[in-house]
Enquirer: 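Can you read through this structure? Questions will come right after.
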Protein chains: 2
Amino acid sequence: MTERKRQILQSAQAVLKMKGYAATSVRDIAKSLEMEPASLYSHFSSKEDILKLTCFDMASKFDRAIQEINTLYFDAEQQLRMAIKEHVQILTSHLDSAIIFLRDWRNLTGESLSKFIEKRNSYEKGIRKIIQTGIDEGRFNESDIKFATLTVLSSVNWIVEWYSPQGKLNPTQIAEKLSDFILSGLIKNKL
Amino acid sequence: MTERKRQILQSAQAVLKMKGYAATSVRDIAKSLEMEPASLYSHFSSKEDILKLTCFDMASKFDRAIQEINTLYFDAEQQLRMAIKEHVQILTSHLDSAIIFLRDWRNLTGESLSKFIEKRNSYEKGIRKIIQTGIDEGRFNESDIKFATLTVLSSVNWIVEWYSPQGKLNPTQIAEKLSDFILSGLIKNKL
DNA sequence: ATTTGCCTAACGAACGTTAGTTTGTATTTT
DNA sequence: AAAATACAAACTAACGTTCGTTAGGCAAAT
């Protein structure tokens with residue numbers, strides 16, 4: 001990936017974030033770069049190519065993070081805190097891509113779509129594994145694992161809807177607050 | 001609204017739910033009804049009209065629910081449990097509309113868009129008010145209210161991504177689980 | 001001399017929408 | 001009871017626009 005291509009991709013993502021992939025035209029993207037629509041095809045093979053790069057780039061970031069955490073021998077609470085922190089970090093430091101990744105992946109087609117879903121499920125499984133460990137350790141409440149996993153992921157993912165780099169909470173603080181909130185729902189009362 | 005119009009709207013929503021508003025054409029909608037695209041215009045003035053009806057119909061359902069709850073003199077915990085239960089009930093009993101409402105509202109334009117955002121903020125304010133009451137009553141942890149509100153709404157809204165009428169949890173059970181989870185994060189430890 | 005990055009021009013397809021008409025079904029008038 | 005009217009809901013045909021994309025060329029950088 002050349003420097004120029006990365007530059008164009010970034011600008012494209014900034015535009016896609018605003019109106020969504022389907023409602024954004026190649027001409028919209030070109031205009032933001034002050035270039036002709038056709039010129040984009042010197043760098044990308046199709047509009048969907050831009051979506052693919054964005055989605056799979058983000059997916060692999062999440063993949064790398066969860067895989068690393070899963071190899072560490074911390075207890076479930078620490079693992080979950082780390083996972084949330086990494087997750088928030090990735091989302092907030094690539095906000096444009098993150099929004100597209102979370103919202104527009106459905107516009108992928110064919111093999112790309114199924115591969116993406118597979119990656120997504122694999123990540124979800126990584127989170128679920130941590131929660132399962134917490135239950136096995138006797139630290140987390142026994143509850144519907146799938147339910148717990150999805151609730152965790154939803155509250156974490158939703159931050160892209162309101163996070164602003166200018167806001168009063170930085171990513172680390174957000175991750176801490178979120179972890180406290182989530183863990184209070186998972187951890188057994190120490191009575 | 002005639003019976004036929006309601007019927008068409010419902011069929012349109014089933015199609016829109018699949019690919020999203022922007023990626024769905026008027027011809028797609030017509031095909032699902034086995035009619036000609038032009039015929040839709042006997043019932044709707046535009047494609048966006050369908051989106052408008054869907055979004056504002058859902059918005060008013062939520063609006064009605066929160067307003068009623070806010071007039072009841074229960075304590076904050078009970079109010080929040082009721083609000084969550086109503087919210088889940090609305091989402092799950094109008095799943096197609098709910099998905100469109102949550103995902104596609106950004107495709108509204110002009111005055112519709114700003115009015116919608118206004119309604120959305122007003123609902124959010126209703127939830128926030130309940131949480132604030134809980135803090136004032138000394139029952140909920142003092143925390144960033146906006147943060148708490150958004151986390152509550154995110155975990156509730158995300159259920160449309162995985163809820164199925166055939167699943168093992170019914171809406172009431174989901175609402176209870178979700179309430180327990182959320183309230184364990186809000187309520188002060190009774191030490 | 002070759003490559004890179006962008007251009008102009010234009011393609012065919014799909015888009016949302018309009019105009020005008022037909023059809024079937026109630027309702028009213030003869 | 002039969003004929004005339006009104007209306008709703010669908011149709012056919014087509015409009016102008018925008019869509020993603022391709023072909024081919026030109027100028028600057030390597």
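All values below were derived from every heavy atom in this structure, side-chain atoms included, with hydrogens, water molecules and symmetry-related copies excluded.
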Enquirer: Distance check needed: D/dG20 C1' versus A/N107 CG, whole Å only.
Expert: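 In whole Å, D/dG20 C1' lies 14 Å from A/N107 CG.
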
Enquirer: Considering the terminal five base pairs at each end of the helix from C/dA1-D/dT30 to C/dT30-D/dA1, what angle separates the two local helix axes, rounded to 10°?
Expert: 0°

Enquirer: Could you tell me the separation between the NZ atom of B/K47 and the P atom of C/dT17, rounded to a whole number of Å?
Expert: 8 Å

Enquirer: Tell me: CD1 of A/I29 to P of D/dC19, nearest whole Å?
Expert: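 Going from CD1 in A/I29 over to P in D/dC19 covers 11 Å.
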
Enquirer: With no hydrogens and no angle check, do the side chains of A/S154 and B/S155 hold a donor and an acceptor under 3.5 Å apart?
Expert: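 Result is no, nothing qualifies.
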
Enquirer: Could you check whether B/K115 makes a cation-pi contact with B/F56, meaning its NZ or CZ is under 6.0 Å from the centre of the six-membered ring and within 45° of the ring axis?
Expert: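 No.
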
Enquirer: State whether a side-chain donor-acceptor pair under 3.5 Å links B/Q7 with B/R4.
Expert: yes

Enquirer: Give a yes or no on whether a salt bridge exists between B/K17 and B/D104, defined as a side-chain N under 4.0 angstrom from a carboxylate O.
Expert: no

Enquirer: Can you tell me if A/Q79 and A/D75 form a side-chain donor-acceptor pair at under 3.5 Å?
Expert: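 No, A/D75 and A/Q79 have no side-chain donor paired with an acceptor closer than 3.5 Å.
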
Enquirer: Just the rounded figure in Å: distance from C1' of D/dC19 to NZ of A/K31.
Expert: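 Rounded to whole Å, this separation is 14 Å.
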
Enquirer: Contacts to DNA chain C from residues 108-116 of chain B, heavy-atom cutoff under 4.0 Å, which residues?
Expert: none

Enquirer: Quick one: do the A/S25 and A/D28 side chains pair a donor with an acceptor below 3.5 Å?
Expert: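 Judged by distance alone, the side chains do pair up.
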
Enquirer: Between A/A23 and A/S45, which is nearer to the 5' end of DNA chain D once each is assigned its nearest nucleotide?
Expert: A/A23

Enquirer: Given salt bridge (charged side-chain N to carboxylate O under 4.0 Å, His left out), test B/E118 with B/K125 step by step and report yes or no.
Expert: CA-CA 10 Å; B/E118 197 183 316; B/K125 207 176 289 179; over 6 Å; no

Enquirer: Suppose the criterion is salt bridge (charged side-chain N to carboxylate O under 4.0 Å, His left out): which pairs have a residue in residues 31-47 of chain A, not counting sequence neighbours?
Expert: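 Non-adjacent pairs meeting salt bridge (charged side-chain N to carboxylate O under 4.0 Å, His left out): zero.
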
Enquirer: I'd like to know if A/E48 pairs up with A/K52 as an ion pair, taking the criterion as any Lys NZ or Arg NE/NH1/NH2 lying under 4.0 Å from an Asp or Glu carboxylate oxygen.
Expert: no

Enquirer: Between D/dT22 atom P and A/F44 atom CZ, what is the distance in whole Å?
Expert: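 Rounded to whole Å, this separation is 15 Å.
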
Enquirer: A/R6 CZ to C/dT4 P: how many Å, rounded?
Expert: 17 Å

Enquirer: Expressed in angstrom and rounded to an integer, what is the separation of A/D49 atom CG from D/dG20 atom P?
Expert: 14 Å

Enquirer: If a pair satisfies salt bridge (charged side-chain N to carboxylate O under 4.0 Å, His left out) and one of its residues is in residues 146-160 of chain A, list it, with sequence neighbours excluded.
Expert: none

Enquirer: Specify the separation, in whole Å, of atom OH of B/Y41 and atom P of C/dT18.
Expert: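 Atom-to-atom, B/Y41 to C/dT18, this comes out as 7 Å.
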
Enquirer: Report the residues that fulfil ring pair (Phe, Tyr, Trp, His ring centres under 6.0 Å) with B/F62, sequence neighbours left out, ordered by chain and then residue number.
Expert: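 Partners of B/F62 by the ring pair (Phe, Tyr, Trp, His ring centres under 6.0 Å) criterion, ordered by chain and then number, come out as B/H87, B/F101, B/Y123.
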
Enquirer: Protein within reach of the bases, or only the backbone? For nucleotides 7-16 of chain D, mark each nucleotide 5' to 3' as B, S or -, using heavy atoms under 4.0 Å.
Expert: --SBBBB---

Enquirer: Given D/dT18, is OP1 or OP2 found less than 4.0 Å from the side-chain N or O atoms of A/S25?
Expert: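 For D/dT18, OP1/OP2 do not have a side-chain N/O of A/S25 under 4.0 Å.
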
